[in-house]
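Inspection log for the structure reproduced underneath, given as structure tokens.
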Amino acid sequence: MSQNKIWLSSPHMGGNEQKYIQEAFDTNWVAPLGPHVTGFEEDLEIYLDTNTHVGALSSGTAAIHLGLILLGVQTGDEVICQSMTFSASANPILYLGATPIFVDSEKETWNICPIALELAIQERIKKGKTPKAIIAVHLYGVPYQIEAVRAVADKYQIPILEDSAEALGSSYKGQKCGTFGDIGILSFNGNKIITTSGGGAIVTRTAAQKEKAIFYATQARDYAPHYQHSHVGYNYRMSNICAGIGRGQMEVLDKHVLLRRKMHGFYVEVFEAIPGVTVFTAPSEDYFANYWLSALTIDPVQTNGITRETLRLAFELENIESRPLWKPMHLQPIFAEYPYYGSNIAETLFENGLCLPSGSNLTEEDINRIEKVIKQVFG
Ligand SMILES: *Cc1c(COP(=O)(O)O)cnc(C)c1O
């Protein structure tokens, strides 16, 4: 194992990040506010859609927490959440003392199934409560079924919290992901398509909503010369240093999208002739995926018993990271007691699916090493 480790997705600096950090030091804006925070928010607003309002925060998880607060979620409420996702989508429901209601995926986008979603809403209403919000996720950068999910949400007048943590740079019918929800969220964690080392953002439709989010994110201080509080506050604002990294990263975002899509194209080509292996690909031209992570499913019946574990372990031997898909939340011990609606789509994806090295910084040599392992396993 003398070779360098090939990661699933690692930070990839563009070059100007340190210049922005230096600027923050030179002007002594070493605080959770400052010109880079404002500048980074403006960069994101221009990138997404000039009609959006973006608040930079300490993490994507913090953005989900504040998003749910803005949507009025309180103790005892029910919140619907896509089961197949990272736990950070669902944990903030518990922070608020609300109850998560998990919903299965569909096979096309691997995201929340509109049919199971409607069934879940109807069943919860029958039991006496209309869910307060729907958390829908663009898994691995592939947009969820935007129109079908919106139609169900509107029919029952339930707002959507759009978890776009993995989908900055993705779009649907030309509109950027992050702008479809009543509230959207982004993440700039170290493994995401761009990073601020750690960070996130909330995307709102009005300036007033953004202001309210920032109010909660900065300890909920009422207007007064002394410290006066009439709400529970949080310390969730982004640091000006991190925002400086973000400004540098925004300059290379589109390049990163291009390179991640190129990695996806590489996998499509390598696995094309291998029966039983399907590289996860957006269902139509309407869906533009950033392919934050390339992923595949393996049907062992068609591969003479080769499973996703066979491939994962072969990668591991060569110091190459790969990982099973997100384990659905309704199968997680911490969430096992909560209701789940759907069949076994998410569960089957988890059993057969694997995420592949996808970084925008993979070298030709890295790609050759990856290809060699694939060729070995599938001979
Ligand atoms: C990364 C991620 C988050 C959390 O973002 P952080 O910035 O790491 O807190 C939430 N949801 C999904 C789907 C993610 O992948």
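Because the structure is predicted, anything quoted here is derived from the model rather than measured. Remember, it's 1-based here, ligands and their atoms both numbered in the order they're listed. Heavy atoms only: backbone and side chains are in, while hydrogens, waters and symmetry mates are out.
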Can you produce the list of protein nitrogen or oxygen atoms under 3.5 Å from a nitrogen or oxygen of ligand 1, alongside each distance?
from: ligand 1; atom 1: 5 (O); to: S187; atom 2: OG; distance (Å): 3.3
from: ligand 1; atom 1: 7 (O); to: G60; atom 2: N; distance (Å): 2.8
from: ligand 1; atom 1: 7 (O); to: S187; atom 2: OG; distance (Å): 2.7
from: ligand 1; atom 1: 7 (O); to: G199; atom 2: O; distance (Å): 3.4
from: ligand 1; atom 1: 9 (O); to: G60; atom 2: N; distance (Å): 3.3
from: ligand 1; atom 1: 9 (O); to: T61; atom 2: N; distance (Å): 2.9
from: ligand 1; atom 1: 9 (O); to: T61; atom 2: OG1; distance (Å): 2.5
from: ligand 1; atom 1: 11 (N); to: D163; atom 2: OD1; distance (Å): 3.3
from: ligand 1; atom 1: 11 (N); to: D163; atom 2: OD2; distance (Å): 2.8
from: ligand 1; atom 1: 15 (O); to: E166; atom 2: OE2; distance (Å): 2.6
from: ligand 1; atom 1: 15 (O); to: K192; atom 2: NZ; distance (Å): 3.3

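Summarising the hydrophobic clusters (Ile, Leu, Val, Met, Phe, Trp, Tyr; side-chain heavy atoms under 4.5 Å, direct or chained), the residues clustered with Y20 are none. Through ILVMFWY side-chain contacts below 4.5 Å, Y95 is grouped with nothing and stands alone.
Across H229 and Q219, no two heavy atoms sit closer than the pair ND1-O, 3.1 Å.
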Legend entry - Step-by-step side chain to side chain contact (heavy atoms under 4.5 Å, CB included) determination, T195 to Q249: CA-CA 7 Å; T195 183; Q249 291 273 279; 3.7 Å; yes

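Among pairs with a residue in residues 333-377, those fulfilling ring-ring contact (aromatic ring centres under 6.0 Å, His included) read F102-F335, H330-Y340, at least two apart in sequence or across chains.
A perpendicular orientation is assigned to the rings of Y216 and H231, their planes being inclined by more than 60° (bins at 30° and 60°).
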